[in-house]
Asks: 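Below is one structure. I have some questions about it.
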Protein chains: 2
Amino acid sequence: MDKLEELKDAFVETAGQMATSLGLSRVVGQLYGLLFVSKEPFSLDEMAEKLKISKGNVSVNIRELERWGAAKKIWTKGSRKDFYEAESDITKVVMNKLVFGLKRRMDMIAASIEKIEKELSVHEQNKETSFFKERLNVIKEIPQTAEGLLNIIQRFAEKK
Amino acid sequence: MDKLEELKDAFVETAGQMATSLGLSRVVGQLYGLLFVSKEPFSLDEMAEKLKISKGNVSVNIRELERWGAAKKIWTKGSRKDFYEAESDITKVVMNKLVFGLKRRMDMIAASIEKIEKELSVHEQNKETSFFKERLNVIKEIPQTAEGLLNIIQRFAEKK
DNA sequence: TAATATGTTCAGAACTTTTTGAACGATATG
DNA sequence: CATATCGTTCAAAAAGTTCTGAACATATTA
């Protein structure tokens, strides 16, 4: 195999690992990597062929990338195929996706804790409940802290 | 069932979700939650009973918590059982674990990319390789950016 | 309109992760 | 020393996740 192709493959694999490290799907990372190092856009079939995965798999994951704004469809004269290319300013897109997702989860957790706290306050008060309340107050700080951090990260990403 | 027990169960479940959101194991989160809202330490069997999971499962996961410094074994007079209680200053511990893990992965990725870059530089130079190089330079920023962010987070956590 | 070339869907297969529980070793008790 | 009570281990089961590919829908071409 061509040495250049080998290096591209290695890059695609690294992109897959990177995605995994960020809690995203491996195939999504590989697809993005593939498009990112190619000047030419690729069709579904080409992507499936290059990554040795099924067309169905590509179809689902490429649309995921499109949904995030990380890949875009290219219309090509004289072909019925959908071609895709990488949106090169990916960092912001992925960052936002991650930050937004984490924020949402933190909000859900904060809501759960508040609900418990509220129900606890209408419960009979005794030593056990007051210990529980104390603990809840400690734990409540986590989503708050996380929220603060996520804001910092977001500002950091926007500055870029 | 006792209302207070119900609320504690809800809390334990929330702790499990929180762990999941941070990329940790659900059971580890549940175990920590269980210990965290209990004044009394628990034995293996008690934890298994409360969470309705096997003793083997508890054994493995409680040691994980212990390894992180998030739970500690309590010696109790007149009992052969191991009792555990929550280390209450968990935030820093978990934060460090997460940050450290992410840093390690980013380092690995940075190394992969550098390796590719190096091999590319000894390859014949043409239009295609220079495009590839350009792209590599863009992607190289990601682990660098992440590293910077992780440092910010770490400082943030230490301030707490 | 029929045939062809696409992208999409989703049931089941393949793979991965988590959990169980029986077997085991270690330690305490009688 | 025999028995009972622990915690640990790990093979196999269960549950969860990802992938495939055949069936299908839609659009294009002849």
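The shown structure was predicted, so the numbers you read here are calculated from the model rather than taken from an experiment. Letters go in sequence order (proteins before strands), and every chain restarts at 1.
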Asks: Taking CD from B:Glu46 and P from D:dC6, how many angstroms apart are they, rounded to a whole number?
Replies: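 That distance rounds to 11 Å.
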Asks: Once you round it to whole Å, what is the distance between P of D:dC19 and CE of A:Met47?
Replies: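 In whole Å, D:dC19 P and A:Met47 CE are 15 Å from each other.
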Asks: Is A:Ser59 near enough to C:dT8 that one of its side-chain N or O atoms lies under 4.0 angstrom from OP1 or OP2?
Replies: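 Yes, A:Ser59 has a side-chain N/O under 4.0 Å of OP1/OP2 on C:dT8.
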Asks: Is any NZ, NE, NH1 or NH2 atom of the basic residue among A:Arg63 and A:Glu66 found under 4.0 Å from an Asp or Glu carboxylate oxygen of the other?
Replies: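 Judged by the 4.0 Å cut-off on N to carboxylate O distance, A:Arg63 and A:Glu66 do not form a salt bridge.
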Asks: Using a 4.0 Å heavy-atom cut-off, does A:Arg63 contact any base of the nucleic acid, only the sugar-phosphate backbone, or nothing at all?
Replies: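 Result for A:Arg63 = sugar-phosphate.
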Asks: How many whole angstroms separate atom CG of B:Leu51 from atom P of C:dT20?
Replies: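 Computing the B:Leu51:CG to C:dT20:P distance gives 10 Å.
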Asks: Assuming nearest nucleotide by heavy-atom distance, tell me which of B:Asn57 and A:Arg80 is located more 5' along DNA chain C.
Replies: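 This one resolves to A:Arg80.
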Asks: What nucleic acid atoms does B:Lys52 come within less than 4.0 Å of, heavy atoms only: base, sugar-phosphate, or nothing?
Replies: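 B:Lys52: backbone/sugar contact only, no base atoms under 4.0 Å.
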Asks: How close or far is atom P of C:dA26 from atom CG of B:Asp82, stated in whole angstroms?
Replies: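 After rounding, the reported distance stands at 16 Å.
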Asks: B:Lys81 has a side chain; which of D:dG7, D:dT20, C:dT8 sits nearest to it?
Replies: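 My answer, after comparing the listed nucleotides, is D:dG7.
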Asks: Hey, which of these two, B:Phe83 or A:Val27, hits DNA chain D nearer its 5' end, going by closest nucleotide?
Replies: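 The residue whose closest nucleotide sits nearer the 5' end is B:Phe83.
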Asks: Go through C:dG7, D:dT8, C:dT20 for me and flag the one nearest to the B:Leu44 side chain.
Replies: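 When the side chain of B:Leu44 is considered, D:dT8 is the closest of C:dG7, D:dT8, C:dT20.
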Asks: Could you check how far CZ of A:Arg67 sits from P of C:dT8, rounded to whole Å?
Replies: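 A:Arg67 atom CZ is separated from C:dT8 atom P by 13 Å.
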Asks: D:dT17 C1' sits how many Å from A:Leu24 CG, rounded?
Replies: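 Computing the A:Leu24:CG to D:dT17:C1' distance gives 16 Å.
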Asks: Tell me: CD of B:Glu49 to P of D:dG7, nearest whole Å?
Replies: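 That distance rounds to 15 Å.
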Asks: Is a salt bridge present between B:Lys55 and B:Glu49, judged by a nitrogen-to-oxygen distance below 4.0 Å?
Replies: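 Salt bridge: no.
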Asks: Side chain of B:Lys55, base of D:dG7: donor and acceptor closer than 3.5 Å?
Replies: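 Between D:dG7 and B:Lys55, which were checked side chain against base, a qualifying N/O pair under 3.5 Å is present.
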Asks: Nearest-Å distance, CD1 (A:Ile62) to P (C:dT6)?
Replies: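 Rounded to the whole Å, the gap is 17 Å.
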Asks: Evaluate A:Lys50 against A:Gln30 for side chain to side chain donor-acceptor pair (under 3.5 Å), listing each step before the verdict.
Replies: CA-CA 10 Å; A:Lys50 296 255 180 193; A:Gln30 291 175 311; over 6 Å; no
Asks: Does the distance from a Lys or Arg side-chain N to an Asp or Glu carboxylate O, for A:Lys81 and A:Glu46, drop under 4.0 Å?
Replies: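 Salt bridge between A:Lys81 and A:Glu46, a charged N being under 4.0 Å from a carboxylate O: no.
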Asks: In plain terms, say whether A:Lys3 and B:Glu119 are close enough for a salt bridge, that is, a side-chain N and a carboxylate O under 4.0 Å apart.
Replies: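 A salt bridge is present here (some side-chain N lies under 4.0 Å from a carboxylate O).
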